[in-house]
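Treat the numbers as computed from the prediction; the structure is a model and nothing was measured.
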2 protein chains.
Amino acid sequence: MADPQNRYPTILKRLRENDHKLTPQRLAIAKILARSQGHPSVETIHQMLSVEFPTMSLATVYRNVLLIKSLGEVLELGFAGDSNRYDGNKPYPHPHVVCVKCKTIIDPDLESLKDMTAEVSAETGYTILSHRVDFFGICRACQARNR
Amino acid sequence: MADPQNRYPTILKRLRENDHKLTPQRLAIAKILARSQGHPSVETIHQMLSVEFPTMSLATVYRNVLLIKSLGEVLELGFAGDSNRYDGNKPYPHPHVVCVKCKTIIDPDLESLKDMTAEVSAETGYTILSHRVDFFGICRACQARNR
DNA sequence: TTTTCTGCAAATGCTTTGCATGGGA
DNA sequence: TCCCATGCAAAGCATTTGCAGAAAA
């Protein structure tokens, strides 16, 4: 499983292995995905790079995020009525806890997830390939703020 | 919590309470949502009604699904890169198992979900309000089909 | 009759694609 | 040099909205 410490070199290696050219734009996008903790959207990535690459088009961001996703090196998170968010730091399925007030997203370690996957498989007969497990609630800070 | 047996009368009552007119199209859409086991998309609902209402527009389906959702009587499921699916039979959050081949969605009964919610709350300090728990895999039929 | 609802078409908003030019290797 | 990648604009999709006529209450 991907090591969060070495994500950028790993993605670089995968790009090279698959004979993709290492353009400045591509490298910059890969770096943001590799290091991001905040599950950025394509729009956000584009804005983050607007100083370094004033003429870079949104299409380039879309194409490269998609490319890196196709290499299995980024996790795509779709939210109803919102643009997709991406996680290249932990590119494998994992649970999220989202604060509905401040939108902070954190990644909990859930011991019970393996058991649940087994339970699903046993009950339904499906071969389980991946999951999307999100909890929505109110974080400690927002709870305190509302007192 | 909504009783799966009485969903249609319940939705009807909610529409009346809020002074919405009971047009034939609206009633037909409500009935499909109330009884559906298959998490239909707007497109699917439109097709299901195309015999009874040959001139009904997609916009009417969208508007009415949204209306019933605003009354809290249908659960909306967004999937990345796919159209939304709707569940008016169990309009509260619950886990799903999705076949990535044929898109069939079923509702497993997961004993471990309560425990997991408790674990999330304990580990993160968040007050958990709702969840979105989906598993993706291959259903029995599609497994057989691929042999 | 009054007001909402419907059907149609146009408009959104996000994402993808075609094409000509530019730039890695 | 040879292609792939980029920027731009146009095209795609799912969904929403404006509008005028139709239908519920």
Side-chain angles (χ1 to χ4, degrees), chain A residues 11-33 39-71 73-86, chain B residues 11-33 39-71 74-86 103:
Chain A
I11 296 177
L12 229 64
K13 188 173 140 233
R14 302 277 288 122
L15 285 169
R16 266 196 265 263
E17 280 171 4
N18 290 273
D19 299 317
H20 297 293
K21 295 182 177 171
L22 304 183
T23 66
Q25 295 94 326
R26 179 164 291 165
L27 296 180
I29 293 164
K31 191 171 293 185
I32 286 181
L33 288 174
H39 306 78
S41 64
V42 163
E43 184 67 39
T44 302
I45 295 172
H46 185 248
Q47 282 172 18
M48 287 195 278
L49 294 174
S50 63
V51 175
E52 195 179 351
F53 302 92
T55 67
M56 185 166 63
S57 76
L58 260 181
T60 294
V61 183
Y62 274 108
R63 275 189 282 233
N64 280 292
V65 169
L66 229 59
L67 170 66
I68 297 173
K69 179 186 157 201
S70 78
L71 298 174
E73 298 298 333
V74 70
L75 179 71
E76 183 180 58
L77 298 176
F79 291 97
D82 248 310
S83 27
N84 292 344
R85 311 278 289 266
Y86 296 88
Chain B
I11 297 177
L12 227 64
K13 188 173 139 234
R14 303 275 290 121
L15 285 169
R16 266 196 266 264
E17 281 171 2
N18 290 274
D19 300 316
H20 296 293
K21 295 183 177 173
L22 305 181
T23 66
Q25 295 95 326
R26 178 163 292 165
L27 296 180
I29 292 164
K31 191 172 292 186
I32 286 180
L33 288 174
H39 307 78
S41 64
V42 163
E43 184 67 41
T44 303
I45 295 171
H46 185 247
Q47 282 173 16
M48 289 195 276
L49 293 174
S50 64
V51 176
E52 195 179 352
F53 301 90
T55 68
M56 186 165 65
S57 77
L58 259 181
T60 294
V61 184
Y62 274 106
R63 276 190 281 234
N64 280 292
V65 168
L66 228 59
L67 170 66
I68 297 173
K69 178 188 158 200
S70 77
L71 298 174
V74 70
L75 179 72
E76 182 180 57
L77 299 176
F79 293 97
D82 246 310
S83 26
N84 291 344
R85 310 278 291 262
Y86 296 89
K103 311 291 182 191

Write out a two-atom table: protein N or O, nucleotide N or O from nucleotides 2-4 of chain C, distance below 3.5 Å.
residue : atom : partner : partner atom : Å
C:dT3   : O2   : B:K21   : NZ           : 2.6
C:dT4   : O4'  : B:K21   : NZ           : 3.2

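- Both A:Q25 and B:L58 sit near DNA chain D, but only A:Q25 has its closest nucleotide nearer the 5' end.
- Residues satisfying the side-chain hydrogen bond (donor to acceptor under 3.5 Å, both in side chains) test with A:S57, not counting sequence neighbours, are A:T60.
- A heavy atom closer than 4.0 Å to some atom of DNA chain C occurs in no member of residues 76-84 of chain B.
- Contacts between residues 43-53 of chain A and DNA chain C, counted as heavy-atom distances below 4.0 Å, involve no residue at all.
- A:L12 meets the side-chain contact (heavy atoms from CB on, under 4.5 Å) test with A:Y8, A:R16, A:L27; sequence neighbours excluded.
- Rounded to an integer number of Å, the gap from CZ of A:R85 to C1' of C:dC14 is 15 Å.
- Among residues at least two apart or in separate chains, salt bridge (Lys or Arg N to Asp or Glu O under 4.0 Å) pairs with a member in residues 54-71 of chain B are B:K69-B:E76.
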Can you list, pair by pair, the side-chain donor-acceptor contacts under 3.5 Å of residues 17-25 of chain A, counting residues two or more places apart and other chains?
residue : atom : partner : partner atom : Å
A:E17   : OE1  : A:R14   : NH1          : 3.2
A:N18   : ND2  : A:R14   : O            : 2.7
A:T23   : OG1  : A:R26   : N            : 3.1

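- Rounding to the nearest 0.5 Å places OH of A:Y86 at 11.5 Å from CD1 of A:I68.
- Rounded to 10 degrees, the angle between the two end axes of the helix from C:dT1-D:dA25 to C:dA25-D:dT1 is 30°, with five pairs used at each end.
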Tabulate protein N/O versus nucleotide N/O from nucleotides 18-22 of chain D, keeping only pairs under 3.5 Å, one per line.
residue : atom : partner : partner atom : Å
D:dG18  : O6   : B:R63   : NH1          : 3.2

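- Take B:H46 and apply the ring-ring contact (aromatic ring centres under 6.0 Å, His included) test, not counting sequence neighbours, and it matches no residue.
- Residues forming a side-chain contact (heavy atoms from CB on, under 4.5 Å) with A:Y62 (at least two apart in sequence, or on another chain): A:V42, A:L58.
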Output side-chain donor-acceptor pairs under 3.5 Å for residues 47-54 of chain B, partner residues at least two apart or in another chain, one line each.
residue : atom : partner : partner atom : Å
B:Q47   : NE2  : B:E43   : OE2          : 3.4
B:S50   : OG   : B:Q47   : O            : 2.8

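- Among the protein residues, B:L22 comes within range of the sugar-phosphate backbone only, with heavy atoms under 4.0 Å from sugar or phosphate atoms but none that close to a base.
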